[in-house]
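Labels below follow one simple rule: chain letters A, B, ... track the order of the sequence lines, proteins then strands, and each chain is numbered from 1.
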Amino acid sequence: MRHTLSVLVENNPGALSRIAGLFSGRGFNIESLCVAPTLDPSLSHLTLVTTGDDFIIEQIIKQLNRLIDVYKVVDVSEGEFVEREMALIKVKAEDETRAEVLRMCDIFRCKVVDVSPKTYTIEVTGPESKLKAVIELLKPIGIKEIARTGTIAMVREKKTA
Amino acid sequence: MAKMTGKEMVVEALKREGVEVIFGFPGGAIIDVYDTLHKDGTIKHVLVRHEQGATHAADGYARASGKVGVCLVTSGPGATNTVTGIATAYMDSVPMVVFTGQVPTGLIGNDAFQEVDIVGITRPCTKHNYLVKDVRDLPRILKEAFYIARSGRPGPVLIDLPKDVQNQVGEFDYPEKIKLRSYHPVIKPHTKQIERAYKLIEQSKRPILYVGGGVVISEAHNELRELAELINAPVAMTLMGLGGFPGTHPQSLGMLGMHGTYAANMTMANTDLIIAVGARFDDRVTGKIDAFAPMAKIIHIDIDPTSIQKNVKVDIPIVGDCKIALQKLVEVVKKEGRPKEVWKERLEPWWDQIKAWQERHPLSYKKDDSVIKPQFVIEKLYELTNGKAIITTEVGQNQMWTAQFYKFDKPRTLLTSGGLGTMGYGFPAAIGAQMAFPDKLVVDVAGDGSIQMNIQEMATAMEQKLPVKIVILNNQFLGMVRQWQELFYERRYAATEFEVVPDFVKLAEAYGAKGFRATRPDEVEDTLRKGLETEGLVIMEFAIAREEGVFPMVPAGKATTEMLLV
Ligand SMILES: Cc1ncc(C[n+]2csc(CCOP(=O)(O)OP(=O)(O)O)c2C)c(N)n1
């Protein structure tokens, strides 16, 4: 099962490598990892996507909590959550495919952020599944380069008071 | 607030933390702290001969006394030499603070002379570590390091001190209390869980207490004994748990697991309730996990939540300090439980079965008049020391024979590398233990292989006038590996036979110590007696049966009921 963990971590030197090292040292899998500052300058927010059965996920969460620098771990995928990832995709766009790429951008609400005579660079944002779909559809046209951010996620607020 | 240099802060913090002795080895990157320590003169420094020795000695000091062990070493090779000792302490949850010198901050990352990223290297084997970049952070880091090392599940903490930081001046604002918002070890167990645990105990007809090093660390031995006696349960211990419950107690089954007793392993296999206390279901204990205790419900008490549910599924997890958890459990049993006599009666069939196992295959070995049996040496050592010595061991057969044939009644009397299995641990650890308890008898039981891994510390022991006794069981083999080769590799003794073994008696003499040797069984008792009575550092060497094995033995990957017996 795919799990998305939201981790608040002290903004100390070495904290990130401690977390990454925990995963490699114990043979846990990291699918994506995304770190950025929070409103509190002493804390960083880290979103980590990993896979494993309940047993492994429980261990991962406990092991993360055991690190002195880890303030809080939430498995956001336990409940309702929103997740987003962004990708920049440089795709071949010559004569006959130029219009096709633009059409696709339209359907998926991607943005063209750079244009050259032979390429479009487009920006796409959404859950991982959407990125996958866009990439799959663009592949036959010819993707020259991809840069992805990795997933960020948040628990959804309750809709009723 | 006083202005101080970094090096003065280190010494001041050591004093405030109540540190009386530290173990170390100097070098350019730490010479400043050494100078301050020397001028100050209040803290005893033990100069070792190898930094690995310093870490094991600090570890032995900590295990024997319950205090934090402290090491001081230089950068680069000094720092890397501590890694084995740090990892050893980490695996067995030993409180330790290691100071390493570091090149000046301006040179960090430049591959400077004697520079190594020790914080990076030790990240996976420390509980926490620090690189101090600014002297203003130092007082807080010093305080945190000691706090983290000794609280919760204890462990080693490393502080890397660049040379310029040692000489920077700052305010010495030593915090009274620690506030670490991201570190909150759970000490008090959940009352609900204790009650649920009690319910399971009440229903059980074939319980067993499975006890690990956590009981020794949290000094829960009295509470454990009270619970065991109240409910009349048998008690089996891990290697690290030995001494946590008296080995001579009628309810003790001794050690369990790979080289555990037949009765302990059979009891574990047939129990309906495991009450695990401060033990982590290590693979040396469970054997093949699918076949482990198939009928058992499991209550697991441990201060470290990651230990719970890691290897086996647990019915009642209890996170908290073993001592407090057992206190609470005892309270509930006393208040709500049946009287002791009823427990006794209820478990009678269980005990009949256990006694049958004990009689069928007691711990034993084939006696021999022509050659010294190592088990016999340990039995005699037990007799002659009245079971009162602090015993350290090396790793291998010597360690297992000691665990089997020396009965440990008190906690902190067996110091051994359980988790990492570090050859070369025992002798420096004995030095540390003897520093903590100058008047107690401290004996290192060693193999001829292991003792050579830190033999240089004999000079340290001589210098400090430490009367450590070393018992070498000399089989001229890396015995434990040879045993595996004998059993599972058709006796192909690849790289386990020593062609050259030093004359240990002469070696002792070379260091100014005393040495005695026994080559025949009838010399064993005399040699031990002489060695133990001789003042100062002594080696007693026993030429043992070369191909003796440790039994029972559960082959790796087999169920614990599939024991090879004597
Ligand atoms: C540092 C280290 N290297 C290798 C091993 C693997 N090992 C485990 S037991 C053993 C043999 C130990 O031989 P010795 O010290 O002579 O003790 P004996 O088993 O003969 O009692 C070895 C090599 C280890 N535990 N530690």
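Side-chain atoms of A:Lys144 and A:Lys92, non-hydrogen and from C-beta on, do get closer than 4.5 Å to each other.
Proximity to chain A is absent for every atom of B:Pro124, based on heavy atoms less than 4.5 angstrom apart. Residue contact with chain B, scored on non-hydrogen atoms closer than 4.5 Å, involves the backbone and the side chain of A:Arg18 alike. A:Glu58 touches chain B through its side chain: at least one heavy atom from C-beta onward sits under 4.5 Å away, while N, CA, C and O do not. Heavy atoms of A:Ser24 lying under 4.5 Å from chain B are absent altogether. Neither the backbone nor the side chain of A:Ile56 comes within contact range of chain B, judged by heavy atoms closer than 4.5 Å. Both the backbone and the side chain of B:Asn129 come within contact range of chain A, with heavy atoms under 4.5 Å apart.
Between the side chains of B:Thr88 and B:Thr422, at least one donor N or O lies within less than 3.5 Å of an accepting N or O.
Of all non-hydrogen atoms in A:Thr4 and A:Ser77, the two that sit nearest each other are N-OG, 2.9 Å.
Between chain A and the options B:Pro185, B:Gly120, B:Gly152, B:Pro305, heavy-atom pairs under 4.5 Å are most frequent for B:Pro305. Among the candidates B:Ile148, B:Leu180, B:Leu131, B:Val119, the residue making the largest number of heavy-atom pairs closer than 4.5 Å to chain A is B:Ile148.
Aromatic rings of B:Tyr183 and B:His128 (six-membered ring for Trp) have centroids beyond the 6.0 Å cut-off, not under it.
Within 6.0 Å of the NZ atom in B:Lys310, the count of heavy atoms belonging to other residues, nucleotides or ligands exceeds 12.
Formation of a donor-acceptor pair under 3.5 Å by the A:Arg2 side chain with backbone atoms of A:Gly52 is not found in this model.
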